[in-house]
Amino acid sequence: MSNTYLCTAIPYVNGNPHIGHAMDYLLADVYARYCRERGDDVRFQVGTDEHGNKVFSTAEKNHIPVMEYATENSQKFRDFIEQLDISYTDFIRTTDEDHVRRCQAIWERLSPHIYSADYDGWYCEGCESFVTQKEYDEHSGCCPDHQRPYIKLTEKNYYLRIADFKAELRTNIENDTLQILPEFRKQEMLRLLEDTPDISISRPRKQLSWGVPVPGDDSQVMYVWIDALSNYITVLGYPDQDISQWWPASAQFVGKDILRFHAITWPAILLGLGLPLPRRIISHGHVLADGQKMSKSIGNVVDPMAVLARHGLEAFRYYFLRHIDTFTDSDFTWDKFDQAYTQELANDLGNLVQRLATLCHKNDVHPVAGSPDLSDPNYTELMTSFHFSKAFDCVWSKIQALNREIDSSKPWELAKRGETEQAQQVLCDLAQKLLDVSVLLRPFLPDTARKIQDIFTADDIIVPATPLFPKP
RNA sequence: CGCGGGAUAGAGCAGCCUGGUAGCUCGUUUGGCUCAUAACCAAAAGGUCGUUGGUUCAAAUCCAACUCCCGCAACCA
């Protein structure tokens, strides 16, 4: 029995749960369930990132105490995770007292690699934020929102000296001590690493009040990096407790948009702390809406709640785990979703369960639940290399093969000819195979797998009154 | 010259690294079956593999140039 620790990115709570968040959770959940199936002890972290100006100002705008607002929104994510039946074990909030205290301890441990410097740039007093030189040029030196010129402002920031870790980090990524999946992202990160400057990790308190105070400097508050990224270890108790039983994480699951922070900033922090790097980071693609990037301005954002409501959780998990490729961008459309439900879940699997249950029932078959055969090398290879959508394909081809096998063995003909024992033997065999498949299905569709087990391991096989995936 | 991905049947994709009869899913057409959610099974039709040139006995596959899409860079996961 081995320990497996899995991490997901913690979403910023100034917004509602998005379909992209669901991808983090689903991928981690599949792997968590697979590892448990295999006998591992699994710890599985999720959580919310709650500090920062956006949360603060939204709360103010709505006249809600900021902590109350953060709690309310954090709860939305927690509910979302529950709705997806994610088998997490730890939920962390960056506003947790323990996290804040541990974060400060981490900062202190990193102090040999931290220095302060002045940051100067163009600043809009209306927005209360800096703009890039490019934005400055585009707007001809004048803020379009506030109609006032940008001013040159200098402020003190603390910086993390990334340069201290570049060489070691490059080696670790190159030799897969820190494995970045998929491979093409690894190459991307190696190139990016070369150009990464030192990172600003604090803001003056007057700029950013809602955050973790920098220890030893009341005028400064931590910017997102150390605060948010360190959650992966503070949730385990670092540095108060020995985390070596769980750390390094077996896998961290992130969207491609935040891979750079997890592949460069986060490992730099770990190296600074003298901690091992996560074994691997899995970067998944984005879900596109009909081939286009989802965007609030285009107005094509697909609400995960609406998807859940359409055909239920199992269909949700099915689509996003099988038809959204684990590593690259893939498309979601309502048509494709409906089609997947009808033709694959209902016709392939639902109907298979229904017809086989009926045949078993009519022929008085009592399958013996033997030990399932999990030794499919293809499936194992795909699961352990994190090609979940392909592993799911592999499971599905077994389901389709069972439908073919029923057709070719024609148990109903055997029954008609009075060859009862023959029919029972064939059906018993088929039912056993379906039970085997259902075990492989568990990480993906836990509820469906359980239903199949319940039906075919019962003393008397009863045909379900409503099929597994009823058609509208 | 910023970095990267892609262009293959009506749609969505695999094959390309390690050249040698072009494959999968859906859709379409036809047939079979009747255990099942009008579900299931089988077969057929359908492609000059983005363009042009090169290497080779042989190129979707290797090389060069070009055209067109898309992502990242730029706090919408």
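Proteins come first, then strands; the chains are lettered A, B, ... in the order of their sequence lines, and each starts at number 1.
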Separation of B:rA36 atom P from A:L352 atom CG, nearest Å, is 14 Å
From CG of A:L208 across to P of B:rC75 the rounded distance in Å is 17 Å
Using Watson-Crick geometry (N1-N3 plus N6-O4 or O6-N4) or G-U wobble (N1-O2, O6-N3), each under 3.5 Å, B:rC13 is paired with B:rG23
Measuring only between side-chain heavy atoms, which start at C-beta, is A:T448 closer than 4.5 Å to A:L349?
yes
Taking only the C1' atom of each, what is the distance from B:rU67 to B:rU21 in whole angstrom?
31 Å
It should be established whether A:Q343 places a side-chain nitrogen or oxygen under 4.0 Å from OP1 or OP2 of nucleotide B:rU37. no
ask   = With a 6.0 Å cut-off on ring centres, are A:F444 and A:F392 close enough?
value = yes
Exercise for the section: Taking atom P in both B:rG71 and B:rC63, compute the distance separating them and give it to the nearest angstrom. Expected result: 27 Å
Testing B:rC72, B:rC35, B:rC41 for proximity to the side chain of A:K293, the answer is B:rC72
Exercise for the section: State whether A:F337 and A:R310 meet the cation-pi test: NZ (Lys) or CZ (Arg) under 6.0 Å from the six-membered ring centroid, and within 45° of the perpendicular axis. Expected result: no
Result for ring-ring contact (aromatic ring centres under 6.0 Å, His included) between A:W107 and one of A:W225, A:Y158, A:Y223 points to A:Y158
Which part of the nucleic acid, if any, lies within reach of A:Q187 when heavy atoms closer than 4.0 Å are counted: base, sugar-phosphate only, or nothing? nothing
Inset, instruction - For B:rU25, take OP1 and OP2 only and decide whether either is under 4.0 Å from a side-chain N or O of A:K336. - result: no
For this session: For A:Y12, answer base if it contacts any base atom (sugar-phosphate contacts may also be present), sugar-phosphate if it contacts only those atoms, and nothing otherwise; contact means non-hydrogen atoms under 4.0 Å.
Result: nothing
To the nearest angstrom, the CZ-C1' distance between A:F320 and B:rA77 comes to 13 Å
Please state whether the base of B:rA36 and the side chain of A:N351 form at least one donor-acceptor pair under 3.5 Å? yes
As its Watson-Crick or G-U partner within any shown strand, both distances under 3.5 Å, B:rC68 has B:rG6
- Message: Counting only side-chain nitrogens and oxygens, does A:K410 get under 4.0 Å of the OP1 or OP2 atom of B:rC35?
- Response: no
Assign each of A:E188 and A:P467 the nucleotide of RNA chain B bearing its closest heavy atom; nearer the 5' end lies the nucleotide of A:E188
Practice task
Could you give the distance separating B:rC75 and B:rU18 at their C1' atoms, to the nearest angstrom?
Solution key: 44 Å
Using Watson-Crick geometry (N1-N3 plus N6-O4 or O6-N4) or G-U wobble (N1-O2, O6-N3), each under 3.5 Å, B:rG31 is paired with B:rC41
Margin query: Is it true that A:S330 and A:D325 share a donor-acceptor pair across their side chains at a distance under 3.5 Å?
Written below: no
inquiry  = So A:F327, base contact, sugar-phosphate only, or nothing? Heavy-atom distance under 4.0 Å.
reply    = nothing
Residue pair A:I258/A:L356 against RNA chain B: nearer the 5' end by closest nucleotide is A:L356
Rounded to whole Å, the CD-C1' distance (A:Q339 to B:rU28) equals 13 Å
Euclidean distance for C1', B:rC35 against B:rA43 (whole angstrom)
23 Å
Of B:rA77, B:rU34, B:rC40, the nucleotide closest to the side chain of A:H21 is B:rA77
Q: Please determine if A:D447 and A:R317 form a salt bridge, counting it only when a charged side-chain N lies under 4.0 Å from a carboxylate O.
A: no
Of the candidates B:rG4, B:rC35, B:rU37, the side chain of A:R191 sits closest to B:rG4
Margin query: Considering every strand and a 4.0 Å limit on heavy-atom distances, what is the contact class for A:H286: base, sugar-phosphate, or nothing?
Written below: base
If pairing means Watson-Crick or G-U wobble with both distances under 3.5 Å, then the partner of B:rA60 is none
- Query: What interatomic distance, in whole Å, is found between C1' of B:rG47 and the corresponding atom of B:rA64?
  - Reply: 26 Å
- Item | C1'-based separation of B:rA60 from B:rA22 [nearest Å] | 8 Å
**Prompt:** Would one find a side-chain N or O of A:N403 under 4.0 angstrom from OP1 or OP2 of B:rA39?
**Reply:** no
Can you tell me, in whole Å, how much space there is between the C1' of B:rG54 and that of B:rA77?
45 Å
Check: If you look at every strand shown and take non-hydrogen atoms under 4.0 Å, does A:V254 touch a base, only sugar-phosphate, or nothing?
Finding: nothing
Considering only heavy side-chain atoms of A:D257, the closest of B:rC41, B:rA39, B:rA77 is B:rA77
Of the listed B:rA42, B:rC75, B:rU37, the closest approach to the A:K54 side chain comes from B:rC75
A:M294 has its side chain closest, among B:rA77, B:rA36, B:rU37, to B:rA77
Any base atoms under 4.0 Å from A:K416, or only sugar-phosphate, or nothing? Heavy atoms, all strands.
sugar-phosphate
Among B:rA73, B:rC40, B:rA77, the one nearest any side-chain atom of A:V287 is B:rA77
Between CD of A:E413 and C1' of B:rC40 the distance, given in whole Å, is 14 Å
**OP:** Could you measure between the two P atoms, the one in B:rC26 and the one in B:rC62, and give it in whole Å?
**Re:** 30 Å
Subject >> Under-4.0 Å salt bridge between A:K76 and A:E72 >> reply: no
A:D338 atom CG is separated from B:rC26 atom P, nearest whole Å, by 17 Å
Rounded to whole Å, the CH2-P distance (A:W396 to B:rC24) equals 20 Å
Whole-Å distance, A:D407 CG to B:rA36 P, equals 13 Å
Salt-bridge criterion met for A:D329 and A:K256 (N-O under 4.0 Å): yes
